[in-house]
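Keep in mind that this is a model prediction, so the values were computed, not measured. Positions are given from 1, in the same order as the sequence printed here.
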Amino acid sequence: MSSGASGSARTRYAILGCGSVGHAVAEELTERGKDVLILDRDESRVEALRDQDLNARVQDIAEPDVVDELGDRDIVLILASDVEANKAAVSAVRETGGDHYVVVRASDPVSEDELRERGADVVINPSTVIADSALQSLETGELEYMARQLAEIIEAGGDRMAILTHDNPEPDSIASATALQAIAEAFGVDADIVYSGDVGHQENRAFVNLLGIDLLARSEAPDLSEYGTVAAVDLAKSADESFDFDVEIDIYLDHLETEVPFDARFVDVRTNVSSTSTILTKYLQEFDQSPSEAVATALLYGIRAETLDFKRDTTPADLTAAAYLHPFANHDTLEQVESPSMSPETLDVLAEAIQNREVQGSHLFSTAGFIRDREALAQAAQHLLNLEGITTTAVLGIADDNIYLAARSKDIRLNIGNVLDEAFSEMGDAAGHSTQGSLEIPLGIFTGIEASGENRDTLLHLTEEAVRRKLFDALGVEGGSGDGSNGS
C-alpha cells in the first residue's frame with residue numbers, strides 16, 4: 001500500500017449538524033470507506049442515522065463542550081441549517097487551539113465573512129453552490145442545443161463546405177478551421193479551408209507544413225457560390241472589408257466580437273474564452289469525436305499561441321480544453337513548430353529593426369527599410385517586445401509601393417489594433433486586436449520619388465517620419481519628433 005493511500009485511510013471526519021446536506025455528505029463519505037462521526041441535537045434523527053449503521057451521537061453543536069466529542073478527528077464539517085449554531089461551533093473548535101480543518105455552511109455573504117473571521121478554513125454557501133451548478137447545467141444544455149443546430153446546417157448544406165479564415169491566418173484561425181473541417185467530414189461533408197493574404201510567419205508555415213494542413217488561397221479556390229455551406233472562423237481580427245463576401249455566410253465562430261454584429265444563420269461568439277480553438281474543442285467533445293493527432297496538435301497550439309502559452313487572458317475553459325487535447329497531441333511536432341529556423345531575410349529585418357529602434361517610454365518604433373518579406377516585420381515586432389521595459393512595439397518596412405507596419409503590445413490598457421485603425425484608417429488598411437495589429441498604406445505621393453540611391457534614403461526617411469509621428473501621437477507619447485533614444 002502506498003503512503004498516499006495509507007494517509008487517506010487515516011483521515012477521520014466529524015459532521016456537526018446532520019440535516020439533508022449533512023446526511024448526503026455522510027452517506028457519500030461512508031461509501032468511500034471513511035471514518036465518519038455525526039453529531040446532532042435531534043434524538044430521533046440520531047436514532048434514524050444509527051438504524052442506517054452510521055456512527056451518530058446526540059450533541060448540541062452550539063454548546064462549547066462539542067469539542068470534547070471530536071477527539072482526534074482531522075476534518076470537521078459544520079453543516080447545520082442554523083447559522084448561529086454553526087458560528088458557535090466554529091468558535092468552540094478554534095478556541096481549543098486544535099489543528100482541525102474546518103468546513104462550515106453559511107447562509108449569505110455576511111455570514112460567510114463572519115465565519116471566516118472566526119477561523120473557518122472553507123465556507124460553503126448552498127445558494128451559491130446551487131447557482132453555480134445551475135449555470136453549469138445551463139451552459140452544458142446551451143452547448144448541446146448549439147451543437148444540434150450546427151450539425152443540422154452542416155448536413156443540410158450538401159457535400160461541400162468552404163471554411164474561411166481571417167486574412168494572413170494565424171494558428172488559432174487555422175486550427176479552428178481544421179477542427180471544423182474534421183467535424184464536417186464526420187457528417188460526410190468535404191470541406192476546404194480558404195484564406196486570403198499569405199501564410200508568411202515562419203512559425204505559421206512550419207505549423208501548416210508539419211501537420212499537413214491543406215489550405216486553399218482564395219484566388220485558387222472555387223467561387224464561394226459553388227459551396228453548399230460557407231463557414232467563417234476567427235474573422236474578427238481582420239479588417240471589416242474582410243467580411244464583404246459575395247455570398248451568405250452560414251456558420252460563424254469566434255471568440256471576439258466584431259464592431260458590427262455578424263450576420264449568419266448560425267453564430268457562436270464567446271468572449272468568455274481566449275481562443276476560437278477552445279470553442280471548437282468544446283464542439284468536438286459535444287459531438288463525441290476524439291480528435292486526430294493532427295487536429296489535437298493544431299488546436300492545442302492554437303490555444304497556446306492565442307494565450308501566449310497561458311500567460312495572457314487565459315480562462316478556465318482554455319485550460320480544460322488544453323488538458324483534454326494534451327494526450328491526443330504530438331508534442332514533438334509542437335516543439336518543432338515553436339522553434340522553426342529563421343530565414344536570412346527575417347534575420348536581416350530583425351537586425352535592421354534592432355539597429356534603428358527608437359524608444360519613447362515603454363513604446364518602441366523602428367524601421368527595417370526596404371524589405372522582401374513583410375511577414376518578417378511581425379516577427380521583428382514580437383522579438384523586440386522582449387526588451388526590458390518595452391510594452392509596445394511597431395516595425396515599419398516598404399515593399400511593392402506600400403508601407404507596411406507590424407505592431408505588438410502587452411499593455412493591458414491598450415488595444416493596439418484600435419490605435420492603428422483610429423490613427424491610419426483614412427490613409428490605409430489597418431487590422432488587429434488588443435495585442436497585435438498590422439497596417440498597409442499606399443506610398444501615394446511618395447511613389448513619384450525614384451527608389452534608388454540617395455532618393456531611396458529620402459523616401460524611407462519621409463515615410464518613417466510621417467508614420468512614426470502619427471503613431472506616437474495616437475499612443476499619446478511625447479517626443480514624437482524623433483528625440484527619443486535607441487534604448488541602449
Side-chain angles (χ1 to χ4, degrees), residues 139-140 143 146-147 150 154 161 163 165-166 168-187 189-193 195 199-216 231 233-234 237 253-256 268 270 272-342 379 382 435-436:
E139 183 177 334
T140 301
L143 180 58
M146 297 285 280
L150 177 59
I154 292 174
M161 174 192 283
I163 304 172
T165 69
H166 67 67
N168 309 312
E170 296 169 325
D172 188 30
S173 190
I174 297 171
S176 302
T178 302
L180 185 56
Q181 182 184 53
I183 290 172
E185 289 175 353
F187 287 102
V189 177
D190 290 329
D192 293 332
I193 301 174
Y195 72 99
V199 183
H201 195 294
Q202 287 172 160
E203 281 191 18
N204 297 346
R205 289 197 295 265
F207 172 60
V208 170
N209 293 335
L210 287 170
L211 293 176
I213 299 172
D214 291 325
L215 303 178
L216 270 178
V233 294
D234 202 42
K237 294 176 186 175
L253 301 164
D254 209 329
H255 73 284
L256 296 171
D268 189 357
R270 303 188 203 179
N272 62 334
V273 301
S274 293
S275 75
T276 308
S277 294
T278 298
I279 300 172
L280 268 298
T281 301
K282 297 299 183 185
Y283 275 110
L284 283 171
Q285 292 175 288
E286 186 59 36
F287 287 125
D288 199 23
Q289 294 182 22
S290 295
S292 67
E293 182 178 273
V295 170
T297 306
L299 287 171
L300 183 55
Y301 183 59
I303 296 171
R304 288 173 57 171
E306 200 67 10
T307 61
L308 291 183
D309 219 4
F310 309 111
K311 295 190 287 288
R312 176 184 71 194
D313 300 332
T314 309
T315 70
D318 301 312
L319 294 174
T320 56
Y324 168 75
L325 296 166
H326 189 272
F328 297 103
N330 186 319
H331 297 277
D332 290 336
T333 300
L334 276 176
E335 186 174 352
Q336 288 180 273
V337 170
E338 292 169 341
S339 305
S341 58
M342 183 176 288
Q379 292 171 265
Q382 188 64 49
T435 61
Q436 61 189 49

How long is the straight-line distance from NE2 of H255 back to CG of N272, given to the nearest 0.5 Å?
11.0 Å
Specify the closest pair of heavy atoms between M161 and A231, including all atoms of both residues, with the distance to one decimal.
SD-CB, 4.4 Å
Gap between atom OG1 of T297 and atom NE2 of H326 - 0.5 Å precision:
10.5 Å
Hits for side chain to side chain contact (heavy atoms under 4.5 Å, CB included) against V208, two or more places apart or cross-chain, chain-then-number order -> I174, V199, I213, L215
Residue pairs passing the salt bridge (Lys or Arg N to Asp or Glu O under 4.0 Å) test where at least one lies in residues 276-304, sequence neighbours excluded:
R304-D309, R304-E338
Nearest 0.5 Å please: distance from the CG atom of L325 over to the CD atom of Q285.
7.5 Å
Quick check for you: to the nearest 0.5 Å, what is the distance between L150 atom CG and I154 atom CD1?
4.0 Å
Which atom pair, heavy atoms only, marks the closest approach of T165 to I193?
CG2-CG2, 3.8 Å
Provide the full list of ring pair (Phe, Tyr, Trp, His ring centres under 6.0 Å) pairs with a residue in residues 272-291, sequence neighbours left out, each pair given once.
F187-F287
State which residues pass side chain to side chain donor-acceptor pair (under 3.5 Å) with T333; sequence neighbours excluded, sorted by chain then number.
N330
Under the side chain to side chain contact (heavy atoms under 4.5 Å, CB included) rule, collect the residues that match up with A322, sequence neighbours excluded.
L300, F310
Could you list the residues that satisfy side chain to side chain donor-acceptor pair (under 3.5 Å) with T278, not counting sequence neighbours?
S275, D318
Hey, could you give me the CG/CE distance between D268 and M146, rounded to the nearest 0.5 Å?
3.5 Å
Nearest atoms (heavy-atom pairs only) where A298 meets F207:
CA-CE1, 3.6 Å
Which pair of heavy atoms, one from A175 and one from G302, lies closest together, and at what distance?
CB-CA, 4.4 Å
Under 3.5 Å: donor-acceptor pair, side chain of S173, backbone of E170:
no
Scanning both residues in full, the closest heavy-atom pair of Q181 with I163 reads N-CD1, 3.5 Å
Would you check, one step at a time, whether the test side chain to side chain contact (heavy atoms under 4.5 Å, CB included) holds for V295 with L284?
CA-CA 10 Å; V295 170; L284 283 171; 4.1 Å; yes
If the condition is side chain to side chain donor-acceptor pair (under 3.5 Å), which residues does S277 pass it with, not counting sequence neighbours?
D172
Partners passing side chain to side chain donor-acceptor pair (under 3.5 Å) against T314 (at least two apart in sequence or in another chain):
none
Please identify each residue that fulfils ring-ring contact (aromatic ring centres under 6.0 Å, His included) with Y324, with sequence neighbours left out.
F328
Quick one: does L280's side chain get under 4.5 Å of T178's, heavy atoms only?
no
Atom CD in E185, atom CG in L180: separation rounded to 0.5 Å?
10.0 Å
